[in-house]
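Proteins come first, then strands; the chains are lettered A, B, ... in the order of their sequence lines, and each starts at number 1. Note that the coordinates shown come from a computational prediction; the quantities given were computed from them, not determined experimentally. Note: hydrogens, waters and symmetry copies are ignored here, and every other heavy atom, side chains too, is used.
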Protein chains: 2
Amino acid sequence: MSTKQIGASATADDVAELAGVSRWTVTRAFKKDASVSEKSRLKVMKAAEQLGYAPDLLASSLASDRSNLVALLVDDFSNPHKLVMLEKLTRLLRKEGWDTLLVNTLSEDDASVALMTASQRRVDAAVLIGSRFDDKGLATALGARRLRKLLVFARYSANPNTISICCDDHAAMSEICQYVLDKGYKHPIFLAGPQTVSAHVIRKETFLKNWEGATGRPAEFSDVGSYDPNAAYLHTKDLLLGREERDLPDVLVCENDAIAIGAIDAIRFELGLRVPQDIAVIGFDDVPQAQSPNYQLTTYRQPLDIMVAGLIDVLKGEDRQDLAQFHGEIVVRNSA
Amino acid sequence: MSTKQIGASATADDVAELAGVSRWTVTRAFKKDASVSEKSRLKVMKAAEQLGYAPDLLASSLASDRSNLVALLVDDFSNPHKLVMLEKLTRLLRKEGWDTLLVNTLSEDDASVALMTASQRRVDAAVLIGSRFDDKGLATALGARRLRKLLVFARYSANPNTISICCDDHAAMSEICQYVLDKGYKHPIFLAGPQTVSAHVIRKETFLKNWEGATGRPAEFSDVGSYDPNAAYLHTKDLLLGREERDLPDVLVCENDAIAIGAIDAIRFELGLRVPQDIAVIGFDDVPQAQSPNYQLTTYRQPLDIMVAGLIDVLKGEDRQDLAQFHGEIVVRNSA
DNA sequence: CAGAGTTTTGCACGCGCGAGCAAAAACTTC
DNA sequence: GAAGTTTTTGCTCGCGCGTGCAAAACTCTG
């Protein structure tokens, strides 16, 4: 047993032998709240360091039925906000002991294949950070394979088998609408993203309803179909180019910053107009780019850190009922 | 054995029993190149579907010592190019059967802790997609724990224990330098990123050397210290604001697009000058934003797809000697 | 249809660790 | 120092599957 190949990674047995204790004492020495005497813990640690030992998480997961792995399913890599979310999620999850499986579902028809993979890896939870997962696909996927937990992050989900962690879109958009009214804009257009999922409609519906409630007149809207700035650019161009001046909006309320940034570019470079003097623009997310002097984007900042903390609570098994009630704040810059 | 709880995921044994074959036949039916008769394969598949069975990748990894897992270590989430790379890597790796562990090393002192995690999960390889991993830290980390393969993606690495997959920075920057000369610029400044790692110096050194070789005069340079557009903005402002007109550069050659974009904003909004008429700007990477009409960034596009294919070859165990020889192309837009 | 060649199937053993309990050791108290 | 209490240690069994080999079942040829 003591003839280990050089470089071959040591097992708990090797450490135990070297330290003169049993394998289980070694295991305990590496567990946080286990009962080991300080003396043998030190012996173990010394031997472990000598052998370059670290517990095998695979074997541990198999034996304990807890993988400390979380799958992040992402289907949209053109929205820069995803990078912000990925950074926060990976960093904070890691701090709490979870590793992260990044699953690109861009080329899948629906989420089921990705969820299958995740379940085959025995993840403790799968987190959807996507835009296009539709409720029907989710239901199918969920039926196919058992996942311990299915969370939807930064988007509302109507599926009762999922736990949704997002800010209160209704309140947020009401606030934005009020801001637009207060600033005296008369002719808004709401630019919406993908509308496949009922959840996506909240921001749009809220704005339209609030606007009509306050002014008595319906607000115009248009569906971009994706959260890609380039797509938003083309869409805005098609939507506005060639319009009479009196038909042009005085403010574009966008479902998020990715759309807003594309729209601003189109306003300037296709229409030759100024932001905000001719057309103002409001976004949602507060991506890093939003503070670029180019855009000076007025937008809405979700409390991402708090939301991730909520997610971690759920992973830990704590009951939380307030997961769709997070409130952010309007960030007023120069674009509206 | 046949009394499985509803919802509990089935094992190969359960499927075997239902299909009337042995467990190993079940296993083989799920393996690509295994020898199973079509008849029993169908029996197995039918039973598997009925039970909702899929092989447990954890147990499989443990038994076979192959995890089909790759760890991606990232320490820089402000550069939008990372999102492009993550998308390509995750999608193409998945297509070839690898899942991806995303490890955020932003808060680590060096890469060792992250590499440790990766090795504890028995990844088949760890891929560094970072900017700040220094060679010394790598060496330490490598000594501490055995990793099957350590790859460095999109950056040259001098460490002999790593495999670096990147484009030929020397050739690329020579091409850019030639372009700058051809366009008749007289006073370039090279804006460099983090200079902690010897590998990062290649682009800078190449430009400076080529410039001096061609003109007989040294070129100015300045170190931004990170690949964050906002940092580049501030740095460019500090560097150029208040200079006499004759001391201003006529072109900024940037180590990558993240820096270039920050620089363009600073030129416009801090110095009140025009790009490219007053100061031209060249980037590197061709991030999605580079084609925004705001930036129209002249830049260099690395052949990412081919590079990822090279990475996959290495993962498959194929020998490739040309991994630092990929050639991209200059993308000429309006900024220079 | 025998014998050789080929394909398919079954099995013993092990991957590295964890839960939960029982034995052993250490510590208290009177 | 005996008896009771608490802490620490050791151990059996199992997590679900893969490897490599040998037995069994086919296929083919003359």
Side-chain angles (χ1 to χ4, degrees), chain A residues 1 4-5 8-17 19-44 47-48 51-69 97 119-124 145-146 148, chain B residues 1 4-5 8-17 19-44 47-48 51-69 97 119-124 145-146 148:
Chain A
M1 236 356 131
K4 295 296 294 182
Q5 298 228 336
S9 53
T11 72
D13 275 316
D14 304 325
V15 178
E17 192 180 357
V21 298
S22 74
R23 179 165 71 70
W24 295 270
T25 303
V26 174
T27 300
R28 289 198 184 90
F30 277 89
K31 254 181 67 174
K32 269 209 184 94
D33 47 355
S35 83
V36 211
S37 69
E38 190 58 19
K39 207 170 61 183
S40 42
R41 207 185 61 79
L42 284 178
K43 274 197 297 188
V44 167
L51 295 174
Y53 168 81
D56 185 320
L57 260 32
L58 232 58
S60 163
S61 303
L62 186 62
S64 70
D65 205 34
R66 269 195 100 242
S67 62
N68 286 308
L69 246 189
S119 75
Q120 287 185 266
R121 296 264 177 208
R122 293 217 187 176
V123 298
D124 292 335
R145 188 79 187 161
R146 230 171 98 85
R148 307 220 167 77
Chain B
M1 239 351 134
K4 295 296 292 184
Q5 296 230 336
S9 54
T11 72
D13 275 315
D14 304 324
V15 178
E17 191 180 357
V21 298
S22 74
R23 178 166 73 71
W24 294 271
T25 305
V26 175
T27 300
R28 289 198 185 90
F30 277 88
K31 254 183 67 175
K32 269 213 182 89
D33 48 354
S35 83
V36 211
S37 68
E38 189 59 17
K39 208 171 58 181
S40 44
R41 208 186 60 80
L42 283 178
K43 273 197 297 187
V44 167
L51 295 175
Y53 168 81
D56 185 319
L57 261 32
L58 230 59
S60 162
S61 303
L62 184 63
S64 71
D65 205 34
R66 268 194 101 242
S67 62
N68 287 307
L69 246 189
S119 76
Q120 287 185 269
R121 296 261 178 211
R122 293 218 188 175
V123 297
D124 292 335
R145 188 78 187 162
R146 229 171 100 83
R148 308 224 165 76

Separation of atom [atom1] in [X] from atom [atom2] in [N], rounded to whole Å:
X	N	atom1	atom2	answer
B:Y53	D:dC17	OH	C1'	7 Å
B:R41	C:dT7	CZ	P	18 Å
B:L58	D:dG18	CG	C1'	14 Å
A:D65	C:dG18	CG	P	13 Å
A:N68	C:dC17	CG	P	15 Å
A:L42	D:dT9	CG	P	12 Å
A:L62	D:dG18	CG	C1'	13 Å
A:E38	D:dT7	CD	P	16 Å

Residues forming a salt bridge (Lys or Arg N to Asp or Glu O under 4.0 Å) with A:R28, sequence neighbours excluded
none
Within less than 4.0 Å of OP1 or OP2 of [N], is there a side-chain N or O belonging to [X]?
X	N	value
B:S40	C:dT9	yes
A:T25	D:dG10	yes
A:T11	C:dG16	no
A:S37	D:dT7	no

Atom pairs and distances, donor-acceptor, side-chain atoms in residues 60-68 of chain A, under 3.5 Å, two or more places apart:
residue: A:S61; atom: OG; partner: A:L57; partner atom: O; Å: 2.6
residue: A:S64; atom: OG; partner: A:S60; partner atom: O; Å: 2.8
residue: A:S64; atom: OG; partner: A:R66; partner atom: N; Å: 3.3
residue: A:S64; atom: OG; partner: A:R66; partner atom: O; Å: 3.4
residue: A:D65; atom: OD1; partner: A:R122; partner atom: NH1; Å: 3.0
residue: A:D65; atom: OD1; partner: A:R148; partner atom: NH2; Å: 3.0
residue: A:D65; atom: OD2; partner: A:R148; partner atom: NH2; Å: 3.4
residue: A:R66; atom: NH1; partner: A:N68; partner atom: OD1; Å: 3.2
residue: A:S67; atom: OG; partner: A:L69; partner atom: N; Å: 3.3
residue: A:S67; atom: OG; partner: A:R122; partner atom: O; Å: 2.6
residue: A:S67; atom: OG; partner: A:D124; partner atom: N; Å: 3.4
residue: A:S67; atom: OG; partner: A:D124; partner atom: OD1; Å: 3.4

Return the minimal non-hydrogen interatomic distance between A:F30 and A:A48, and the atom names on each side.
CZ-CB, 3.7 Å
Here the gap from B:Q120 atom CD to A:L58 atom CG, rounded to the nearest 0.5 Å, amounts to 11.0 Å
Could you walk me through whether A:V15 and A:V44 satisfy the side-chain contact (heavy atoms from CB on, under 4.5 Å) test, starting with their C-alpha distance in whole Å, then the side-chain angles of each, then the deciding distance to 0.1 Å, before giving a yes or no?
CA-CA 7 Å; A:V15 178; A:V44 167; 4.2 Å; yes
Just to be sure I understand the rule, does A:R122 reach a base, reach only the sugar-phosphate, or reach nothing, if contact means heavy atoms closer than 4.0 Å?
sugar-phosphate
Side chain of B:A59 - closest among D:dG10, D:dC17, C:dG16
D:dC17
Pairs: protein N or O with nucleotides 19-21 of chain D N or O, under 3.5 Å:
residue: D:dT19; atom: OP2; partner: B:K31; partner atom: NZ; Å: 3.4
residue: D:dT19; atom: O4; partner: B:W24; partner atom: NE1; Å: 3.2

Between A:D56 and A:T11, is there a side-chain heavy-atom distance shorter than 4.5 Å?
no
Listed by chain and number, what are the side chain to side chain donor-acceptor pair (under 3.5 Å) partners of B:S40, not counting sequence neighbours?
B:S37
